[in-house]
Amino acid sequence: MKTVIGIFFTMLWSSAAIATKIGLNSTTPLLLATSRFIIAGGLLFLYIYFFHERYPWPKLNEWRSLFLLGLLNTTIYLGATFWALNHVSAGLFNLFVTTNPFLVAILSWILLKRKVLFMEWIGMTVAAFGLLIATWPTITGGEVHVYGLIILGVGMASMAVGSVYFKKVDLKLPSIVINTWQMTIGGIILIPITFILEKDSYFIKLDPNLVGSLSWLVFVISIGTMLLWFYLLKQDTVKANNWLFLTPIFGYVFANVFLDEPVTIFDSVATIFVVIGLLLSGNIAIHPVIKLFNRFRSVSYETDTYEKGDRL
């Protein structure tokens with residue numbers, strides 16, 4: 001079940017860059033990001049405190065942690081990545097997501113005393129090598145923008161710190177409550193930053209691109225996918241971030257379908273390496289698949305034997 005949730009989460013997570021790229025046709029990046037967080041946070045606030053009054057309000061000692069999570073996971077991480085998508089491709093963005101497993105593994109080892117197994121390091125290395133293959137044409141083709149890469153790097157580092165911090169503080173609040181305040185606080189902090197950085201470049205067009213992009217980012221990514229993310233983080237911080245190695249693979253497929261970006265032989269080879277890396281690190285559990293296959297064979301054999309005996 002965890003494998004299914006992990007793969008489903010990665011599919012949805014990788015679609016965020018595509019939706020953002022589409023939305024950037026109609027507005028500026030930070031305005032799009034701020035609108036997403038304020039709308040999503042507002043809807044979740046109404047849901048948990050007006051329609052379902054059983055959800056608790058954070059206690060006084062929990063506000064500091066919620067503020068830091070909002071700053072790290074929303075304002076800095078998502079604000080930086082939205083801004084960077086003005087300068088880098090969706091495919092390159094999804095590649096940078098895969099730096100997180102290494103950062104999280106190191107931070108978890110230092111701060112959480114979580115021992116990173118040798119096979120987990122091997123799995124991450126194999127997956128990273130596959131992703132290097134996938135992006136080699138982009139790197140050698142001179143399409144890399146240093147400014148965009150620096151912003152992406154800041155964003156990814158913030159996400160890694162936020163993931164480890166979430167595990168360390170271990171808030172005793174429901175995931176939906178944490179997500180509500182994380183996005184609301186992060187969105188509010190982003191408002192003055194958006195005004196300062198985009199006051200001269202601001203524009204907005206209320207067209208299908210903007211409506212479709214915001215709808216997907218709010219309901220599917222900010223609400224649905226983030227709840228899956230918190231679930232995976234609570235199980236194991238390192239393994240949760242290892243799922244991000246699959247992000248570029250789904251990202252390339254979605255970019256091909258929705259943005260007409262080609263899927264090359266490099267992408268296909270990279271997919272093989274990434275899947276092998278996830279198997280080695282223990283993220284994809286192959287034993288349940290084998291058990292299901294054996295069970296299917298057993299049922300088929302019994303049915304076949306029964307039919308032969310029935311004919312006799």
Side-chain angles (χ1 to χ4, degrees), residues 4-55 66 69-70 72-75 77-83 85 90 93-94 97 155 159 162-163 166 173-191 194 204-234 240 243-244 246-247 250-251 253-255 257-259:
V4 174
I5 293 175
I7 293 174
F8 186 58
F9 157 77
T10 311
M11 288 178 62
L12 295 178
W13 192 264
S14 61
S15 70
I18 311 302
T20 302
K21 275 289 190 181
I22 293 172
L24 290 178
N25 292 315
S26 305
T27 190
T28 46
L30 292 184
L31 181 59
L32 180 64
T34 305
S35 302
R36 165 189 169 181
F37 306 141
I38 296 298
I39 293 171
L43 289 174
L44 283 172
F45 183 87
L46 291 174
Y47 176 78
I48 65 175
Y49 292 124
F50 286 88
F51 295 101
H52 291 273
E53 298 179 4
R54 60 186 175 87
Y55 286 107
L66 290 171
L69 286 172
L72 292 168
N73 290 340
T74 301
T75 305
Y77 165 58
L78 292 171
T81 53
F82 269 59
W83 185 270
L85 278 168
F93 165 82
N94 280 319
V97 172
M159 181 185 179
S163 297
F166 173 78
L173 291 168
S175 295
I176 192 170
V177 175
I178 298 172
N179 194 29
T180 297
W181 288 110
Q182 171 183 277
M183 280 192 295
T184 303
I185 292 170
I188 291 172
I189 298 173
L190 200 54
I191 291 175
T194 301
I204 187 169
K205 294 188 291 185
L206 294 176
D207 57 14
N209 284 334
L210 182 62
V211 174
S213 172
L214 264 181
S215 298
W216 187 265
L217 291 171
V218 167
F219 293 102
V220 177
I221 306 301
S222 290
I223 296 177
T225 308
M226 284 304 296
L227 292 177
L228 290 177
W229 178 240
F230 284 132
Y231 168 80
L232 292 170
L233 282 178
K234 285 184 176 181
W243 283 113
L244 298 177
L246 274 178
T247 302
F250 289 117
V253 174
F254 292 149
V257 174
F258 297 104
L259 302 177

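Everything numeric in this text was worked out from a predicted model, so none of it was measured.
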> What is the distance from atom OG1 of Thr34 to atom CD1 of Ile189, rounded to the nearest 0.5 Å?
Replying inline: 11.0 Å
> Do Phe258 and Ser15 have side chains that get closer than 4.5 Å, going by heavy atoms?
Replying inline: no
>> Is there a side-chain contact between Ile185 and Leu69 in this structure, where contact means two heavy atoms from C-beta onward sitting under 4.5 Å apart?
In response: no
>> Going by side chain to side chain donor-acceptor pair (under 3.5 Å), name the pairs with one or both residues in residues 37-46, residues two or more places apart or in two chains.
In response: none
> Which distance, rounded to the nearest 0.5 Å, do you find between the OG1 of Thr10 and the CD1 of Ile5?
Replying inline: 11.5 Å
> Rounded to the nearest 0.5 Å, how far apart are CD1 of Ile38 and OG1 of Thr184?
Replying inline: 7.0 Å
> Relative to the ring of Phe250, is the ring of Phe254 parallel (under 30°), tilted (30 to 60°) or perpendicular (over 60°)?
Replying inline: parallel
>> Show me the pairs that pass side chain to side chain donor-acceptor pair (under 3.5 Å) and involve residues 206-215, at least two apart or across chains.
In response: Ser26-Asp207
>> Working note: Leu32 + Ile204, criterion side chain to side chain contact (heavy atoms under 4.5 Å, CB included); need CA distance, chi angles, decisive distance, verdict.
In response: CA-CA 9 Å; Leu32 180 64; Ile204 187 169; over 6 Å; no
>> My understanding is that only residues two or more places apart in sequence, or in another chain, count here; which of them pass side chain to side chain contact (heavy atoms under 4.5 Å, CB included) with Leu44?
In response: Ile176, Asn179, Thr180, Met183, Ile223
> Do Leu206 and Val211 pass the side chain to side chain contact (heavy atoms under 4.5 Å, CB included) test, and can you show the C-alpha distance, the side-chain angles, and the key distance before you say yes or no?
Replying inline: CA-CA 7 Å; Leu206 294 176; Val211 174; 5.9 Å; no
>> What's the separation between atom CE in Met226 and atom CG in Asn73, rounded to the nearest 0.5 Å?
In response: 6.0 Å
> How far does CH2 of Trp83 sit from OG1 of Thr28, to the nearest 0.5 angstrom?
Replying inline: 8.0 Å
> Sequence neighbours excluded, which residues qualify as ring pair (Phe, Tyr, Trp, His ring centres under 6.0 Å) partners of Phe45?
Replying inline: Tyr49, Trp57, Trp181
> Quick one: side chain to side chain contact (heavy atoms under 4.5 Å, CB included) partners of Ala16, sequence neighbours excluded?
Replying inline: Leu217, Ile221
> For Thr27, which residues count as a side-chain hydrogen bond (donor to acceptor under 3.5 Å, both in side chains) partner, sequence neighbours excluded?
Replying inline: none
> With a 4.5 Å limit on heavy-atom distance, are the side chains of Leu78 and Leu190 in contact?
Replying inline: no
> Phe230: what forms a ring pair (Phe, Tyr, Trp, His ring centres under 6.0 Å) with it, not counting sequence neighbours?
Replying inline: Phe166
>> Please enumerate all residues that pass side chain to side chain contact (heavy atoms under 4.5 Å, CB included) together with Leu12, with sequence neighbours excluded.
In response: Phe8, Trp216, Val220, Thr225, Leu228
> In Å, rounded to the nearest 0.5 Å, how long is the span from OG1 of Thr74 to CZ of Arg36?
Replying inline: 8.0 Å
>> Is any side-chain heavy atom of Asn25 closer than 4.5 Å to one of Leu210?
In response: no
>> Quick one, Tyr77 with Leu72, criterion side chain to side chain contact (heavy atoms under 4.5 Å, CB included). Give me CA distance, side-chain angles, the key distance, then yes/no.
In response: CA-CA 6 Å; Tyr77 165 58; Leu72 292 168; over 6 Å; no
>> I need the minimum non-hydrogen distance between Pro174 and Tyr55, along with the two atoms involved.
In response: CG-CD2, 4.0 Å
